[in-house]
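Predicted model, so just to flag it, every value in this text is computed and none were measured. Each chain gets a letter, A, B and so on, in the order the sequences are listed, and its residues count up from 1.
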Protein chains: 2
Amino acid sequence: MNTLLDAFSALSDPTRFTIVEQLMDHGELPAGDLAQGKGMSGAAISRHLKVLRQAGLVNQRVNGTQRIYSIRPEGLRAIAEWTISKRQFWEASLDRLGDILQEDSSWPT
Amino acid sequence: MNTLLDAFSALSDPTRFTIVEQLMDHGELPAGDLAQGKGMSGAAISRHLKVLRQAGLVNQRVNGTQRIYSIRPEGLRAIAEWTISKRQFWEASLDRLGDILQEDSSWPT
DNA sequence: CCATTGTTTAACATTCGTGTTAATCAATAG
DNA sequence: CTATTGATTAACACGAATGTTAAACAATGG
């Protein structure tokens, strides 16, 4: 329950959100690569990565001197489950997506 | 795109998250009712409501001297759409939910 | 009118978040 | 062993967020 709030908090920062999307697009990446092109010190990125780790959104793997990061599915699950559990509040405002969802009565409430 | 980050930010606060859940559970409620039992001044709640409003997560309706709040589905949609678009990253770690989802190949990617 | 009720805004204090640079640490190359 | 590379942690500065109380405001009742 607190995990969900931590996930929201972690993702509310543009730099961290970008990191998460990068990891989703490119698979696992070392901290150094994630620091590239963000106009920010490596130290700052390192702390952002720590926040993401503590929020359960990313995994860290050690490879020699590198720390290689990847998406941690369980972390995203908290958000997905909450979203799905509140489905009734947003499905009404969906267009194409709403139509598709309405056909699927097996979706959990 | 910024709306999504604002939504995450707004929901990352426990008080605001509780307010949103209250509105989901009880339907629309006046600001005064939302301030009850939170151990916090009405002024503080009023500002939390302003944040939720600016994040597009709640609607405000005027009824005489009361301000009546309700969930704004479009706000939640941003989160739902993002979650669904990243479905591949969390569905693998789902148990019951994962099974259900795997059957539904019409779900948008 | 004037007082009351419901809510918001203003001013202020304090805590939290985030960036910087410098120091530290671990792994590897020479 | 020492220097280098990759990354994190420490110490610090500063702006943003959040709570408080007091003031302001709009609607309603007397």
In whole Å, what is the span from the CG atom of A:D6 to the C1' atom of C:dG17? 14 Å
Take the protein atom CG of A:L52 and the nucleotide atom C1' of C:dT18, then report the distance between them rounded to whole Å. 14 Å
Residue that, paired with A:Y69, satisfies side-chain contact (heavy atoms from CB on, under 4.5 Å) out of A:V20, A:L29, A:L34, A:L52: A:L34
Under the salt bridge (charged side-chain N to carboxylate O under 4.0 Å, His left out) test, which residues partner B:R61, sequence neighbours left out? B:E28
For a quick test of reading the model: is some side-chain N or O of B:Y69 closer than 4.0 Å to OP1 or OP2 of C:dT8? yes
Relative to the ring of B:W82, is the ring of B:F8 parallel (under 30°), tilted (30 to 60°) or perpendicular (over 60°)? perpendicular
Is the backbone of A:Q66 close enough, under 3.5 Å, to the side chain of A:N63 for a donor and an acceptor to pair up by distance? no
Between which nucleotides of DNA chain D, 5' to 3', does chain A make heavy-atom contacts below 4.0 Å? D:dT5 to D:dA11
Heavy atoms under 4.0 Å, any strand shown: does B:A44 hit a base, just sugar-phosphate, or nothing? base
Can you tell me if the side-chain N/O atoms of A:R47 get under 4.0 Å from OP1 or OP2 in C:dT20? no
From NZ of B:K38 over to P of C:dT7, roughly how many Å is that when rounded to an integer? 13 Å
In whole angstroms, how far is the P atom of C:dA26 from the CG atom of A:N63? 17 Å
To the nearest angstrom, the CZ-P distance between B:R67 and C:dT5 comes to 17 Å
Got a sec, which residues hit salt bridge (charged side-chain N to carboxylate O under 4.0 Å, His left out) with B:R53, two or more places apart in sequence or on another chain? none
Rounded to whole Å, please give me the gap between NZ in B:K50 and P in C:dA10. 7 Å
To the nearest angstrom, the CZ-C1' distance between A:F8 and C:dG17 comes to 20 Å
Checking all strands, does A:A35 fall into the base, sugar-phosphate, or nothing category for heavy-atom contacts under 4.0 angstrom? nothing
Salt bridge between B:R77 and A:E91, side-chain N to carboxylate O under 4.0 Å? no
NE2 of B:H48 versus C1' of C:dT8: gap in Å, rounded? 14 Å
By nearest atom, which of the nucleotides C:dT9, C:dT18, C:dG19 is closest to the A:R16 side chain? C:dT18
Within the side chain of B:S46, is there an N or O that forms a donor-acceptor pair under 3.5 Å with the backbone of B:G42? no
If you assign each of B:A31 and A:G42 to its closest nucleotide in DNA chain C, which residue comes earlier from the 5' end? B:A31
